[in-house]
Every structure is written in structure tokens, then in C-alpha cells.
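Per chain, numbering begins at 1; letters A, B, ... match sequence-line order. Reckoned from all heavy atoms, side chains included, excluding hydrogens, waters and symmetry mates.
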Amino acid sequence: MFVRRQTMADGAIHDEEVLEAPARGSADELLDAGAQSDLDAMRHSTAHVMAEAVLALFPGTKLGIGPAIADGFYYDFDLGRPFTPADLEAIEARMRESVAADHPFVRREVPLADARAVAEGQAQAYKVEILDDLARRAAAAGEPPPVTSFYEHGTFSDLCKGPHVASTGRIGPFKLLSVAGAYWRGDEKRPMLQRIYGTVWASGDDLDQYLWRRAEARKRDHRRLGVALDLFSFHDVSPGSAFWHPKGQTIWRTLETAMRELQLRRGYQEISTPILVDKKLWQQSGHWDLYDANMFRLQSEDHDFALKPMNCPESTFIYRSKIRSYRDLPLRLNEYGRLHRNERSGTLSGLTRVRQFIQDDAHVYVRPDQLADEIEAMLGEVREAYSWVGLVPRFAFATKPDKAIGDPALWERAEALVKDALDRAGGDYKVKPKDGTFYAPKIDIYIDDALGREWQMATIQADLTMLPERFDLTYIDEEGSEQRPIAIHRAIYGSLERFIGILVEHFAGAFPLWLAPVQAVIIPIADRHQDPSREFAAIMRARGLRVEVDVSDGRMQNKIRVAQEQKVPYMMVVGDREAEARTASPRTRAGEQQPAEGWEELAARLAAETAARRPD
RNA sequence: GCCGACAUAGCUCAGCGGUAGAGCAGCUGUUUCGUAAACAGCAGGUCCUCGGUUCAAAUCCGAGUGUCGGCUCCA
């Protein structure tokens, strides 16, 4: 499944696992020895077999690392040139030979110094570096150099903590998937290696199912469906920025309207602030130093400006436009501001990674004693909004990163308050150390979509530093003295672009009635049914429904097919019977035929369904 | 940004040194039809851009632009 692996904790624990791992054993025994699953062990073993094949076919290749990952494995190689598709086929064939030969995996423990000598002898520079790192880490912890382990199968041997399956014959059906460049240790200043990705499963059925899931994910790809459903497009005149077509914009406005309704109920007030902002603001906020690489800058009349990458600093101008009393708080200011972030060209991707986007952003200024209640209420906002589209949020608590501004004491206080709110809201959450923003600890909200893929969506940040301190925000308390408010930054959909992209894939383009850009298509059978159809459409539109009449020259069957392909929730055929009786029997896009109803009743029923914002 | 691949009609794609093709969509005509494709005809292209090689370039080479797969899973 598309489950994201947890990142491992520190290295010391792994060293213990290494020492306890048996020299040989069944996959189950090895599992007991510390692998997350026998599947992981098998995936790791497959990576070894791939490395064996690569070394056999391309002697002198330097090995990077080759871990198991979600759904498969990879191995990084340095052979001085990229792999070709033909290389992959040859490697795969060579791997099958190794699997057929059923070589046992043998574990051998070697003192670190000896291992280093071996790796150096084989000119495996990356392995030498790994060993040196291990030695350095042990030294830093005041421990003796650890004993390392090698796993051998056939003539191949690789530095590896294990565990592995008993022999290469235990490796299930596999397939090499792709090659990609990958920097050594993810660092763009280091050499670029060639990474081969592969997948391996316990059974042929599992492999087929995985490949089917990949194919299904491709079919649901919002970039494909966005074109097919006429929602949006991208053009090289503005890379990373969507052009919204009428239907996509309808989805957008519908989501926005729903959120505005929620915000009104929760006491938010909407503001709007400029996009083009003087450098001095960004210097004051800290963005100029810490967010520099992500800002688009421009100059005019000797002034430096930047397009805003975030709305937050400007909202403080509205806060400070008058003296605030403790009675004014919480002050909830929301803004649908257009943001620009200069993402590196190679990272742009459809609607999920863009340079220009709009968030359903808000900044809520609270007294410290109000923070936990407010955050708890926001978690409720998230649950409500996500229920409209059938998503269930999960929460993660992200703490202070290394690159941060502000007084450490304030950070400590902010983290304690956020944690308190999370605990009070109940439910599980995981902790992501050092994953906060440079100005605030935060709660990140994740969902799993219909294909089980995890996405990061909303965020709630408790800021005691950037806005309150740097912009000197105050309120007057009961005693008449000045106090600092806390600023909560919060977005629920997050970026509307990204949210819609995820929804397209989640629903495979079949949006629920309340969100569908066209909610119903009325299909006249013959030309004489066009006027009655228009009359019916007018009744539907009077109820606020988004309805089209298909007056094209096609046959009814074809019109149904087109509406099906456009994933329109309801189709209403109008022929002699319907025109006469002023009724319609809706056909759903699931192919279900509903009983005939009068035009007025049907319009009222669909309008009520729309207002309910149900996710199905 | 870096590595690799790709870029042909609105869409999906074929053609891979010798004057540009299909299906769908579009337009026109015929058809007026009961719940997933009526029939016929027509039109549609600086083959991403710029430069080079060649008698000849969509095709080969180079540069640029954009898109896609990655660069975050740490023996």
C-alpha cells in the first residue's frame, strides 16, 4: 500500500539490532530480529540482488545505498553514465538468474577497521564514507567503533545491517520500474548517482494488484483529468501557475463559498491585502533572510519589492490600525490572498506543486488563555470542512526547526500550548520534531485519499514571535496595561490549487453533487423537446442548480455517453412523455434509473441535496 | 537548480532523412431517434523555439523553453 514509512530514530538502536540479528534464518526469524516486516526484508534482499546484477554487468560500478521503501526498493549506483531502458532489461534478466540459483544470504561480522580496508580495496568510496560516518558517530558518543556486518549471496557481498530473507530463491515476483538521478545523501553539492527503482511482492497477485493500482493512479491523475474535464490548463508563459477554465473555477468558487459560510459562523472577518510589497516589510518579518530563495523580487523606482509568499505580515497592519482591547480578542481575520513562491523549476508538478496559489488563510489574534480553546475549535473546523468531501483528517505536531527566529523561551511556551490544545482535542497525533516553520510550532493535517495515498493539507501555527514580537502587536488588558497577543496562522483547505488537485484524484473526477461543475444535463430526445428542456432547465437554475441542456445534433444515447464521460451526477432525458407530464426520471452517473418526479419537486430535491454538502 | 526521458491537429497517438497521418473532438449535410458512440462529407499543423549538418530535417546534432520520473525513505 502507499503507506509512508516512519523515519527511523537514532543510529544507536540500529547497532543493537545488528548485533542481535541471527547469522542465518527464515524470514520470520529475521523479522523478529527487527525488520518492520518480512516484506521489507525481501525488498532489501532484492536490492542486493539488483546490485549484484549491476556489478556483474558493469564492473567497477560504485555502490551507494539500497534500502527497502514503500512498495519496493531502490539502489543508487555511480557508473559514470545513466542507465538505458535496455540496461534495465539486462539487469532484470541477470537478477532472475540469481533468484533461480537460490543463493543463501550469509551474514558475516567484521570489525569496522577491517570492513573499511575491504571497502577501500574494492574502491567503494561511498561505502568507505558510510563506515567513516559510523566510526565518527560512535566516537562522538564515546563508544568504541561498532562491529559491522556484511551480507553475502553468491559472489556478491555488501555492507548491510540486514536482515535479509534466507536465500535469493525466497524473493517474490519483482519488476524494475524506473531510473532517476539522485544526489548522494540527498545533497545537491554531492555527486549525482543513478537510482534504479523496483517493486517486489510476496505473490504474483500482489504484484499485479500493485501495478494495477499504479495504472489506476495514472488514470486518476489530476493533470490528465483536468484536461479531460475542462477544469484548468497550464501554459509555458507562466510555468507553475494554473489557468482556471469555467468549470474548474466553479469548483473553486463552490469550495470558497462553503468555507466563507463556515467562517462567518465562526466569527471570522474577511480582509484583502496587497500582493506587491516593499522589501522592508519582509526584512521586518524575517522572510527576506529566511525565505529569500522562495520569493519573487522586483524593482521599481529604486525600491525593492517582493510578491507576497504569505499573507501573514500584512494582516498585522490591520490589527494595528487601532488600539485593541482584550475584549476584541479573539480577532479572526481571514484572507483569500494570491501568493507567489519561487519553487525550483524542476519541482513544479500540476496543481500539487505550483508557484502561484491562493490559500483559505486566516490569522487569529488571541490572548494566551484563549489559545488552546481556539486551536481546539479550529481542529473542529478542519473536521467539518473535510467531512464535506469525505476525508478524515489526521494530525501531526511539528516542533522548532534548527533555522528559527525568536526567543527560545517563547518557543518552549508556544510548543507547550499547542501540545495542550492537541491533547485536549483528543484523538491521536504524531510528533514531527524540528518540522515547524521558522516562526512557529505547528499542527499539520494529513488525509488519506481514495487510493490510500497520504497528503499533507491544512496547517495551524501558534506564533508568539514573528507577528507579535517583530510587528509589536499589543492589546490592553483588564488592568489597562499592554500585553502581547498570540497569532495563530491557519489554513484549512491549504492551497485551493492543491486541494482541488487532490480532490480530482480522490473522486477520480466524479465530484459529489454539491461540488460538481455541472450538476445535471438535460437531454432532449428530438428537436421538438428542446424548448420544454429549456423550460425545465430554467426551473432548476432558479433553485441555484448548475444545469446544461445538450442541444447538440447527436442521438440521445450519445448525449448520455458524453455526460457520463464528463462525470455529470444526473442526466435527465426529456421526450414526449416528460414534456407532456412535466416530469423527469433522473439517471445517475452510476447508471441508476430513478423514478419520475415533477420538475419542481426534482429541482427542490436536488437543491436540498446540494445544500447538504454530502461527500457522495 | 541538478540527472534522465519526452514535446507532431483541440485530445490520444502513428510516422523517425525524400513534399505530414489516424481515431476522437469540431464544422456542414442527412437523420429526430427512449437511457454509454447514427451516417456521409469538409476543415484543421511555423511537426515546441532558435541554430547547425545535409542536395533534402518532423526525423540527425547543439542550445533554449516547457512537461514528466526522480533528487525527502540513510549500511
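The same atom, C1', is picked in B/A14 and in B/C47; the two are 13 Å apart, to the nearest Å. Going from the P atom of B/U31 to that of B/U49 covers 44 Å, rounded to whole Å. Remark: the separation of the C1' atoms in B/A57 and B/G15 is 14 Å, to the nearest Å.
Within the 3.5 Å criterion, the main-chain N or O of A/Asp576 finds a donor-acceptor partner in the side chain of A/His529.
Using a 4.0 Å heavy-atom criterion, one finds that A/Asp576 contacts the bases of the nucleic acid, with or without backbone contacts as well. Across all strands, A/Arg185 comes closer than 4.0 Å to base atoms (heavy-atom distances). Base engagement by A/Asp553 is indicated by at least one non-hydrogen atom pair under 4.0 Å involving a base atom.
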I'd like a list of close polar pairs between nucleotides 3-9 of chain B and the protein, N/O only, cut-off under 3.5 Å.
{"residue": "B/C3", "atom": "O2'", "partner": "A/Gln194", "partner atom": "NE2", "Å": "3.3"}
{"residue": "B/C3", "atom": "O2", "partner": "A/Gly181", "partner atom": "N", "Å": "3.2"}

### Summary
Here RNA chain B, pairs taken as Watson-Crick or G-U under 3.5 Å and shown with ( ), [ ] when crossing and | when to another strand, reads (((((((..((((....[..)))).(((((.......))))).....(((((..]....))))))))))))....
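One side chain, A/Asp449 or A/Trp455, offers a donor N or O that lies under 3.5 Å from an acceptor on the other. A/Trp184 and A/Glu129 are linked by a side-chain donor-acceptor pair at a separation below 3.5 angstrom, with hydrogens and angles left out of the test.
Aromatic ring centres of A/Phe58 and A/Phe83 lie closer together than 6.0 Å.
Counting heavy-atom neighbours within 6.0 Å of A/Lys62 NZ, excluding the residue itself, gives a total of 12 or less.
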